[in-house]
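A short write-up of the structure that comes next.
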Amino acid sequence: MRKAVIIGVGAVPVGEHWRTSLRDMAVEALLNAMEDAGVDRVDSLYVGNMASGSFIEQENLGALIADFAGLGNIPAVKIEAACASGGAAVQEGVKAVMSGLEDVVAVIGVEKMTDAWATDATRYLGYAADGEYELFHGASFVALNALVMRYYMKEYGYTEEDLAHFSVNAHANGAKNPYAMFKRPIKLETVLKSPYIADPIKLFDASPVCDGAAAVIITTEEKAREFVDKAKMVEVAGIGRAIDTINLANREDLLTLKAAKVAAERAYKMAGITVKDIDLFEIHDAFTIMAALSLEAIGAAEKGKGAQLAVEGQIAIDGDYPIQTLGGLKSRGHPVGATGVYQTIEAVWQLREEAPNQVPDPEVALTQNIGGTGSNITINILRRV
């Protein structure tokens, strides 16, 4: 198989884009990525999106975006894997290049969420869970995560303050990211004094409803030399994807993200590395509890010790396991279908040493994108060429 490398990245700032449509955000991000890559055409387009049909009553995003970007009669499709749609779309683009079927591929992640009423947005996000066995009985998506957080605290003796360290770290890093929705550091007391939205999850334990679009250009290492110099190339060295039960009740272990564990093992094997080789982690912190469980599932922490890394400060930029280096879902924002592509862009910036909040001399980065409460998870390993 051929090596797949990312040679261009582009995005729009995450926020509440009241005056900008989904198609306009997507096209802007795509054109920015194509300019960064020095390309004027692509062979295909993959669009990561969770719920455009619900949020803006628009499906067929592949055709919509390719048409308005002037890409011609290329193949273009939407990839849906709940909140992991962005990470899944990146993987589909990588596989297309590695297989030899396509030489230059564009991947976009996009979501327009703020056009919907808050109550409707809550319902649409819940579609990532089990509609018949969970949502029908009155459980919201936040409530399901709150259940997991409560059990984690009870099982391992953590407090709400312990888990709040994840949010504080994310905001400290996001404050330096020009694309972040929230560019201001916060204190522990800010998290602890924020209102509950589903006990024990507080407002500052959760990522915001927002809009955004991000894009990457993927090609082969040989083809890349036609467009950019070596310093701009970042190899996608390993990919892994797996599912778990869609509802929590059927999980083997409520406090293990089995899909993340399996996906990470597959990605590590493909890249020929272990977790000890990774210099930074962009994990899926839609809720602070998911950050703790993710660190454990990918092997960065022992079971039950994920929150301890946050308490000890090991997740900071200068720590042993730097995470959310540009704010993560909590501070940068979580436009669900776009999140996995934003994570990819941030990892590329770090490996190119172009990040506004730079990890010292990184060689390998991991991105992890979660769909549902852990039912559909992607892991991507990026490496400096």
Side-chain angles (χ1 to χ4, degrees), residues 13-16 114 118 141-143 145-154 156-210 212 280-296 300-301 304-335 339 342-343 346 349-350 355-360 368 370:
V14 177
E16 297 180 348
T114 59
F141 193 61
V142 182
N145 281 272
L147 186 155
V148 176
M149 182 170 168
R150 174 64 67 192
Y151 185 32
Y152 185 83
M153 290 163 58
K154 180 179 182 295
Y156 299 117
Y158 289 113
T159 65
E160 293 173 14
E161 180 175 337
D162 294 330
L163 287 155
H165 285 276
F166 284 110
S167 184
V168 173
N169 175 73
H171 278 265
N173 294 339
K176 299 179 181 178
N177 181 3
Y179 289 85
M181 183 172 185
F182 300 121
K183 303 181 184 68
R184 189 166 61 184
I186 60 173
K187 298 179 180 179
L188 270 176
E189 63 181 343
T190 305
V191 184
L192 298 177
K193 288 182 178 180
S194 64
Y196 286 108
I197 52 177
D199 189 0
I201 292 179
K202 296 183 174 70
L203 182 65
F204 274 85
D205 285 303
S207 56
V209 169
C210 52
L280 64 114
F281 304 79
E282 300 300 338
I283 58 175
H284 191 102
D285 62 333
F287 303 96
T288 49
I289 180 59
M290 283 297 147
L293 294 181
S294 296
L295 286 170
E296 295 169 21
K305 297 292 181 65
Q308 191 62 35
L309 292 185
V311 173
E312 293 172 355
Q314 294 191 54
I315 63 171
I317 286 288
D318 58 354
D320 293 332
Y321 301 95
I323 71 169
Q324 320 310 76
T325 63
L326 292 169
L329 286 63
K330 180 65 193 71
S331 176
R332 178 242 298 129
H334 180 30
T339 288
Y342 276 102
Q343 291 176 323
E346 290 158 359
W349 283 338
Q350 290 286 359
N357 198 32
Q358 186 65 52
V359 173
Q368 174 234 22
I370 299 178

Can you name the nearest heavy-atom pair linking Val191 to Ala164, along with the distance? CG1-CB, 3.6 Å

Can you list everything that forms a salt bridge (Lys or Arg N to Asp or Glu O under 4.0 Å) with Lys202? Sequence neighbours excluded, please. Glu160

Under a plain distance cut-off of 3.5 Å, with no hydrogens placed, do Ser294 and Gln368 share a side-chain donor-acceptor pair? yes

Is the closest side-chain donor-acceptor distance between Thr325 and Glu282 under 3.5 Å? yes

Just by distance, with hydrogens left out, do Glu346 and Gln350 show a side-chain donor and acceptor under 3.5 Å apart? no

Closest non-hydrogen atom pair between Ile197 and Ala206, with its separation: CD1-CB, 3.7 Å

Should Asp199 and Arg150 be marked as a salt bridge (Lys or Arg N to Asp or Glu O under 4.0 Å) after you check the CA-CA gap, both sets of side-chain angles, and the distance that decides it? CA-CA 8 Å; Asp199 189 0; Arg150 174 64 67 192; 2.9 Å; yes

Please state whether the rings of His334 and His284 are parallel, tilted or perpendicular, taking 30° and 60° as the class boundaries. perpendicular

Verify whether one side chain among Asp285 and Gln324 offers a donor that lies under 3.5 Å from an acceptor in the other. yes

Taking side-chain contact (heavy atoms from CB on, under 4.5 Å) as the definition, give me every residue that meets it alongside Pro185, ordered by chain and number, with sequence neighbours left out. Ala175

Do you know which two heavy atoms are closest between Leu203 and Lys330, and how far apart they sit? O-CE, 4.3 Å

For the pair Tyr342 (side chain) and Gly328 (backbone), establish whether a donor and an acceptor sit closer than 3.5 Å, ignoring hydrogens and angles. no

With distance as the sole test, does Lys176 use its side chain to make a donor-acceptor pair with the main-chain N or O of Asn173 at under 3.5 Å? no

Could you walk me through whether Tyr179 and Leu326 pass the side-chain contact (heavy atoms from CB on, under 4.5 Å) check? CA-CA 9 Å; Tyr179 289 85; Leu326 292 169; over 6 Å; no

Hey, are Tyr321 and Glu312 close enough side-chain-wise for a donor-acceptor pair under 3.5 Å? no

Can you tell me if Glu16 uses its side chain to pair, donor with acceptor, with the backbone of Thr114 under 3.5 Å? no

